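These notes are about the structure you will find just below.
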Number of protein chains: 2
Amino acid sequence: MTSKQEFIEKLRNSRLRPTKQRINICEVLFNRYKTFHFTINDLFNLIKDKTGEKVSLATVYNTVHAFHKKGYLKEIPINSNQTYFDTNVTDHHHFFDVKEEKLIDLKNEDVGPIEIQKSIPGKKIKSVEVLVKLED
Amino acid sequence: MTSKQEFIEKLRNSRLRPTKQRINICEVLFNRYKTFHFTINDLFNLIKDKTGEKVSLATVYNTVHAFHKKGYLKEIPINSNQTYFDTNVTDHHHFFDVKEEKLIDLKNEDVGPIEIQKSIPGKKIKSVEVLVKLED
DNA sequence: TTCGTTGTTTATAATTATTCTAAAGAAGAT
DNA sequence: ATCTTCTTTAGAATAATTATAAACAACGAA
Ligand SMILES: [Mn+2]
Ligand SMILES: [Mn+2]
Ligand SMILES: [Zn+2]
Ligand SMILES: [Zn+2]
């Protein structure tokens, strides 16, 4: 996903109007080779840096939540003062470098298949996530 | 762990003075048959309910952090507005019922062994936690 | 293209979990 | 008892996130 046209289509397909702000956010989030792990604040700053245009913090929050809801972003469960998101929405797991406060992808094959043997009546499994904390 | 004397010893062993407040908190946290998953606010309210004595919120925070540092409590990585803690400090994993906002223990045998095949130079693994989100 | 509608952005305020501060109090040692 | 050190506490400060509501932009129909 690389061109502005594609972002516009992507937004249209989700019934999100393709505004200048959302397209800029798409550029920062999705115009990359590698997966991107970020906090709202990371993103907020990168938008200014990479596009030269400022988007209000409220819009960054709104858009990230909209993309999350549409399945374009994944929320990574860690305890931090800030919430982390991930552009890689496939099933995968993470290292979290506690000192650097950085997430690193783990491929499924790096972890192996996880079979949950217990079940709770009336509930079904929504996601299975492994978090591996790293220290020096 | 059941008697007040034991809590006093436990606190002394950790070089934490056995104050009335800390002992009350121990009663609520550790005088139970089953593991206990809680937020600071849960605990704050339970102390009043179960002991009849009020402990200030700041002390609840201080004590939970002290116990966490001493290894008497485990912090559970989930994305929530509040931080969850666990009196079960053994290696184990969790279900998180997203609707009820409740944690449920998973025994290691319910998940199976997890072998991380990837390593990061200069870093070592501190913990491996599986979080299974549940929906209706 | 214009117009009315609906969705979006924004600055700013509100909320809320958590941490900090500093003074009063309690525990421990001598 | 006295001194020191640790602890508790109310309240203030911090900081991430969410809510508000007015200005603005995209859309679709005329
Ligand atoms: Mn979200
Ligand atoms: Mn802690
Ligand atoms: Zn990832
Ligand atoms: Zn547990």
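Protein chains get the first letters and strands the later ones, always in sequence-line order, with residue 1 at the start of each. Keep in mind it's a predicted model, so treat the numbers as computed, not measured.
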- [ ] Applying side chain to side chain contact (heavy atoms under 4.5 Å, CB included), run through B/Phe85 and B/Leu29 and close with a yes or a no.
- [x] CA-CA 10 Å; B/Phe85 294 90; B/Leu29 289 180; over 6 Å; no

Would you kindly give the [atom1]-to-[atom2] distance between [X] and [N], to the nearest whole Å?
X	N	atom1	atom2	answer
A/Ile40	D/dT17	CD1	P	6 Å
A/Arg17	D/dA26	CZ	P	9 Å
B/Leu57	D/dA13	CG	C1'	15 Å
A/Asp42	D/dA15	CG	C1'	15 Å
B/Phe85	C/dA17	CZ	P	14 Å
A/Leu16	D/dA25	CG	P	19 Å
A/Leu11	C/dT8	CG	C1'	12 Å
B/Asn79	C/dT16	CG	C1'	17 Å

OP1 or OP2 of [N] under 4.0 Å from side-chain N/O of [X]:
X	N	answer
B/Thr59	D/dT9	yes
B/Tyr61	C/dT18	yes
B/Thr83	C/dT18	yes
B/Arg22	D/dT8	yes
A/Gln21	D/dA25	no
A/Arg12	D/dC27	yes
A/Lys20	D/dC24	no
A/Thr19	C/dT8	no

TODO: Could you tell me whether the side chain of B/Tyr84 reaches within less than 4.5 Å of the side chain of B/Glu101, counting heavy atoms only?
DONE: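 SC-SC contact between B/Glu101 and B/Tyr84 confirmed.
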
Picking from [options], which would you name as closest to the side chain of [X]?
X	options	result
A/Ala58	C/dT10, C/dA17, C/dT8	C/dT10
A/His65	D/dT18, D/dT17, D/dA26	D/dT18
A/Asn62	C/dA11, C/dT6, C/dT10	C/dT10

Open item on the list: Distance alone, cut at 3.5 Å: any donor-acceptor contact between the side chains of A/Asn62 and A/Thr59?
Closed with: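 Distance-only check fails for A/Asn62 and A/Thr59.
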
TODO: Please check if any side-chain donor atom of B/His37 sits under 3.5 Å from a side-chain acceptor atom of B/Asp105, or the reverse.
DONE: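 Side chains of B/His37 and B/Asp105: pair found under 3.5 Å.
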
Task: Salt-bridge criterion met for B/Lys20 and B/Glu53 (N-O under 4.0 Å) - done: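 Salt bridge present between B/Lys20 and B/Glu53.
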
- [ ] May I ask you to decide whether A/Asp136 forms a salt bridge with B/Lys123, counting only side-chain N to carboxylate O separations under 4.0 Å?
- [x]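 Yes.
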
Open item on the list: Between the opening five pairs and the closing five pairs of the helix from C/dT1-D/dA30 to C/dT30-D/dA1, how far apart are the helix axes, to 10°?
Closed with: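 Axis angle across the helix from C/dT1-D/dA30 to C/dT30-D/dA1, nearest 10°: 30°.
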
- [ ] Take B/Pro18 and B/Tyr84, find for each the nucleotide of DNA chain C with the closest heavy atom, and name the residue whose nucleotide sits nearer the 5' end.
- [x]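 The answer here is B/Tyr84.
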
Open item on the list: Closest-nucleotide mapping onto DNA chain C: is B/Asn41 or A/Val55 further toward the 5' terminus? I mean the 5' end.
Closed with: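 So the residue in question is A/Val55.
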
Open item on the list: Looking at B/Thr63 and B/Arg22, would you say the former's side chain and the latter's main chain have a donor-acceptor pair under 3.5 Å?
Closed with: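 A pair under 3.5 Å: no.
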
- [ ] Search all heavy atoms of A/Val130 against all heavy atoms of A/His93 and return the closest pair with its distance.
- [x]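 Scanning both residues, the minimum pair turns out to be N-ND1, 2.9 Å.
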
